[in-house]
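Quick caveat, the model's predicted, so the values are computed rather than measured.
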Amino acid sequence: MNFSIIVFPGSNCDRDCHDAVTNINKAKANYIWYRETILPETDCVILPGGFSYGDYLRPGAIAATAPIMNDVCKFALLGGLVLGICNGFQVLTELKLLPGTLLKNNTLKFICQDAFLKTENASTPFTCRLGLEQVIKLPVAHAEGNYYIDQNTYEELCSNNQIVFRYSDSNGKVEEYANPNGSSYNIAGICNKKMNVLGLMPHPERGISTLLGNNDGLTIFESIIESVMARNL
């Protein structure tokens, strides 16, 4: 099982992702510098969180033009697994691999806190270890996490079962008070129609150990590994 972690100038969660994959899940992972043009043989690409290029222009906009992203897009279009976390989610929307865009939080402030997520789709390669409507807790840390889509796009996401996580309370109630950033329809994470590309604002790599007070993020990495292993049988 091989992961490729794309590193941009300003990435700051690449090592957390590497630790989640290698030390916790005992898989292999390579750091791939943004200037590379060829993606090595891999089972899953991770676009980590951080502030690529200092969030200049728009978060993720400049990173989407990096040389390595041509090969990442080809990998995704051929069915390869791609996980975009926080800034990585923003990059995926800039690449149009996922619909919508990420706006400034409705509070206009950076938020850093735990959030509860209700699992809306447990049949993706990223969520197969989760139960439908299962609630997990993950940290969020962003200034532009307010996911925006119009009504037509929302209806399309619903009809294709592309909404993977919504912000909820600890009991799974999807209410406005549980939404930390104003995201449309409490959406925290979505996938593409093929369900091989996932973008989410919360950080599963920061929830991998009880020493940190939370290991709910393990289920996402375990799901990826289980899905790849099953695919390779």
Please report the closest heavy-atom contact between G60 and N87, naming both atoms and the distance.
N-ND2, 3.7 Å

Main chain of E144, side chain of Q90: is a donor-acceptor contact present, judged purely on distance under 3.5 Å?
yes

Could you tell me which non-hydrogen atom of N160 sits nearest to which non-hydrogen atom of K193, and how far apart they are?
ND2-CE, 3.5 Å

Taking T119 for its side chain and N121 for its backbone only, find out whether a donor-acceptor pair lies under 3.5 Å.
no

How far does CD1 of I220 sit from OG1 of T127, to the nearest 0.5 angstrom?
8.5 Å

Count the heavy atoms belonging to other residues, nucleotides or ligands that lie under 6.0 Å from CD of E176, then report whether that count exceeds 12.
no

Is a side-chain donor or acceptor of D150 paired with a backbone partner of T153 at a separation under 3.5 angstrom?
yes

Inter-residue atom distance L138.CG - Y167.OH, 0.5 Å rounding
9.5 Å

Shared hydrophobic cluster, M229 / L83 (ILVMFWY, side-chain heavy atoms < 4.5 Å)
yes

Hey, could you give me each pair passing side-chain hydrogen bond (donor to acceptor under 3.5 Å, both in side chains) that has a residue in residues 3-26? Not counting sequence neighbours.
S4-T42, H18-T22, D19-N23

Using a 3.5 Å distance criterion without hydrogens, assess whether the side chain of N179 forms a donor-acceptor pair with backbone atoms of G182.
yes

Heavy atoms from other residues, nucleotides or ligands near CD of E41 exceed 12 (cutoff 6.0 Å)
no

Shortest non-hydrogen contact from C158 toward I163:
SG-CD1, 3.9 Å

Do you know which two heavy atoms are closest between I225 and A27, and how far apart they sit?
CD1-CB, 4.3 Å

Closest contact, heavy atoms only, L212 versus R206:
CD1-O, 4.2 Å

Side-chain donor/acceptor of D216 to backbone N/O of G207, under 3.5 Å:
no

Is E133 salt-bridged to R166, cutoff N-O under 4.0 Å?
no

Does any part of the side chain of C112, heavy atoms only, come nearer than 4.5 Å to the side chain of V140, both counted from C-beta?
no

Would you check if the distance from the ring center of F89 to the ring center of Y147 is below 6.0 Å?
yes

Is a side-chain donor or acceptor of D169 paired with a backbone partner of N171 at a separation under 3.5 angstrom?
yes

Heavy-atom neighbours of Y56 OH exceed 12 at 6.0 Å:
no

Minimal heavy-atom distance between L97 and N192, with the atoms involved, is O-CB, 3.8 Å

Is a donor on one side and an acceptor on the other found under 3.5 Å between the side chain of S227 and the backbone of P125?
yes

Using only atom types and a distance under 3.5 Å, with no angle test, would you say the side chain of N146 pairs donor to acceptor with the backbone of K104?
yes

Main-chain N/O of V21 paired to K28 side chain as donor or acceptor, under 3.5 Å
no

Looking at S223 and C128, would you say the former's side chain and the latter's main chain have a donor-acceptor pair under 3.5 Å?
yes

